[in-house]
Colleague: 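After the structure tokens below, expect a handful of questions from me.
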Amino acid sequence: MQFLDDILAGRVVPGMNFNQKVWAMTVRIPAGKVATYGQVAKALGSPGAARAVGNALNKNPYAPRVPCHRVVGSTGSLTGFAGGLPKKQQLLIEEGVACAAHRVVMDRVEWVEL
DNA sequence: CAAATGACATTCT
DNA sequence: TAGAATGCCATTT
């Protein structure tokens with residue numbers, strides 16, 4: 001609860017729990033772009049923890065302030081979403097992400113600079 | 001402290 | 001190309 005500002009600011013600070021770091025990184029995903037669970041995990045220094053990232057986003061208590069809908073599977077598949085996959089796809093389209101039937105066009109991940 | 005769980009990723013059929 | 005089988009990590013029981 002004390003890292004709230006950092007999280008919403010997209011600031012990953014040592015001392016935060018894994019999930020909090022995940023949320024912080026998620027905030028740094030520019031609108032119109034998407035990142036894979038694996039990319040987020042790697043950015044946090046834990047390559048292979050993609051699955052754990054999914055768990056964190058699933059429990060994301062700061063939605064929609066934390067754009068968890070910008071995180072997709074490695075193939076660009078719209079894997080899971082608390083509010084329902086259709087909702088997730090809709091949000092992405094709103095932001096201008098090219099979607100094609102439960103699949104988004106993968107693009108190089110560009111973390112927002114602080 | 002061991003076992004189970006899940007919004008993943010990779011590889012093999 | 002689609003579906004099943006394994007491996008992985010952090011969190012929750």
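Nothing here was measured: the structure is a model prediction, and the numbers come from that model. In the text below, chain A, chain B and the rest are named by the order of the sequence lines, each starting its count at 1.
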Colleague: When we call it a touch if two heavy atoms are under 4.0 Å apart, what does A:A50 touch: a base, just sugar-phosphate, or nothing?
Modeller: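 Answer is sugar-phosphate: A:A50 comes under 4.0 Å of backbone atoms only.
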Colleague: Would you mind reading off the distance between A:F81 atom CZ and B:dC8 atom P, rounded to a whole angstrom?
Modeller: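 The distance from CZ of A:F81 to P of B:dC8 comes to 14 Å, rounded to the nearest Å.
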Colleague: Would you find a donor on one side and an acceptor on the other, under 3.5 Å apart, between the side chain of A:S46 and the backbone of A:A49?
Modeller: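 Between the backbone of A:A49 and the side chain of A:S46 there is no qualifying donor-acceptor contact (under 3.5 Å).
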Colleague: State yes or no: do A:V104 and A:I93 share one hydrophobic cluster built from I, L, V, M, F, W and Y residues joined by side-chain heavy-atom distances below 4.5 Å, directly or via other members?
Modeller: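 No: no chain of side-chain contacts under 4.5 Å links A:V104 to A:I93.
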Colleague: When the distance from NZ of A:K21 to C1' of C:dC9 is rounded to whole Å, what number comes out?
Modeller: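 These atoms are roughly 13 Å apart.
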Colleague: Send over the distance from A:K59 NZ to C:dC9 C1', rounded to a whole Å.
Modeller: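 About 12 Å, once rounded to whole Å.
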Colleague: Atom pairs under 3.5 Å, N or O on each side, protein against nucleotides 1-4 of chain B: can you list them with distances?
Modeller:
none

Colleague: Both A:A52 and A:T36 contact DNA chain B. Taking the nearest nucleotide for each, which residue is further toward the 5' end?
Modeller: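 Per heavy-atom nearest nucleotide, the more 5' residue is A:A52.
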Colleague: Using whole Å, what does the distance between atom P of nucleotide C:dT12 and atom CG of A:N58 come to?
Modeller: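 About 11 Å, once rounded to whole Å.
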Colleague: Expressed as a whole number of angstroms, how long is the span from A:N55:CG to C:dC8:P?
Modeller: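 After rounding, the reported distance stands at 17 Å.
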Colleague: Identify whether A:F3 and A:V53 are in the same connected component of the hydrophobic contact network (ILVMFWY, side-chain heavy atoms under 4.5 Å).
Modeller: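 Same cluster.
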Colleague: Applying a strict under-4.5 Å side-chain criterion to I, L, V, M, F, W and Y, I'd like to know whether A:L8 and A:V22 cluster together.
Modeller: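 Looking at the clustering, A:V22 is in the same group as A:L8.
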Colleague: Each nucleotide N or O in nucleotides 10-13 of chain B that has a protein N or O under 3.5 Å away: list the pair and distance.
Modeller:
none

Colleague: Hey, which sits more toward the 5' end of DNA chain C by its nearest nucleotide, A:G48 or A:R103?
Modeller: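 It is A:R103, whose closest nucleotide lies nearer the 5' terminus.
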Colleague: Scan A:F18 against the nucleic acid and name what it touches under 4.0 Å (heavy atoms): base, sugar-phosphate only, or nothing.
Modeller: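 Sugar-phosphate, backbone atoms only, no base.
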Colleague: The test is side chain to side chain contact (heavy atoms under 4.5 Å, CB included); show your working for A:V34 and A:L92 and say whether it passes.
Modeller: CA-CA 9 Å; A:V34 295; A:L92 288 173; 3.8 Å; yes
Colleague: Should A:R70 and A:E95 count as an ion pair when the cut-off is N to O under 4.0 Å?
Modeller: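 Salt bridge flag = yes for A:E95 with A:R70.
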Colleague: For A:Y37 and A:A50, work out which heavy atoms get closest and say how close.
Modeller: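 What the structure gives for the nearest pair is CB-O, 3.8 Å.
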Colleague: Does A:I29 reach the side chain of A:V71, with side-chain heavy atoms less than 4.5 Å apart?
Modeller: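 A side-chain contact under 4.5 Å exists here.
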Colleague: Whole angstroms only, please: what is the OH-P distance between A:Y37 and C:dC8?
Modeller: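 Answer to the nearest Å: 21 Å.
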Colleague: Tell me: CG of A:L78 to P of B:dC8, nearest whole Å?
Modeller: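 My rounded result for the distance is 12 Å.
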Colleague: Scan A:L78, A:V97, A:T79 and name whichever one has a side-chain contact (heavy atoms from CB on, under 4.5 Å) with A:V72.
Modeller: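 Result for side-chain contact (heavy atoms from CB on, under 4.5 Å) with A:V72: A:L78.
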Colleague: Nearest whole angstrom, please: distance from the C1' of B:dA9 to the CZ of A:R51.
Modeller: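 Roughly 10 Å, once rounded to whole Å.
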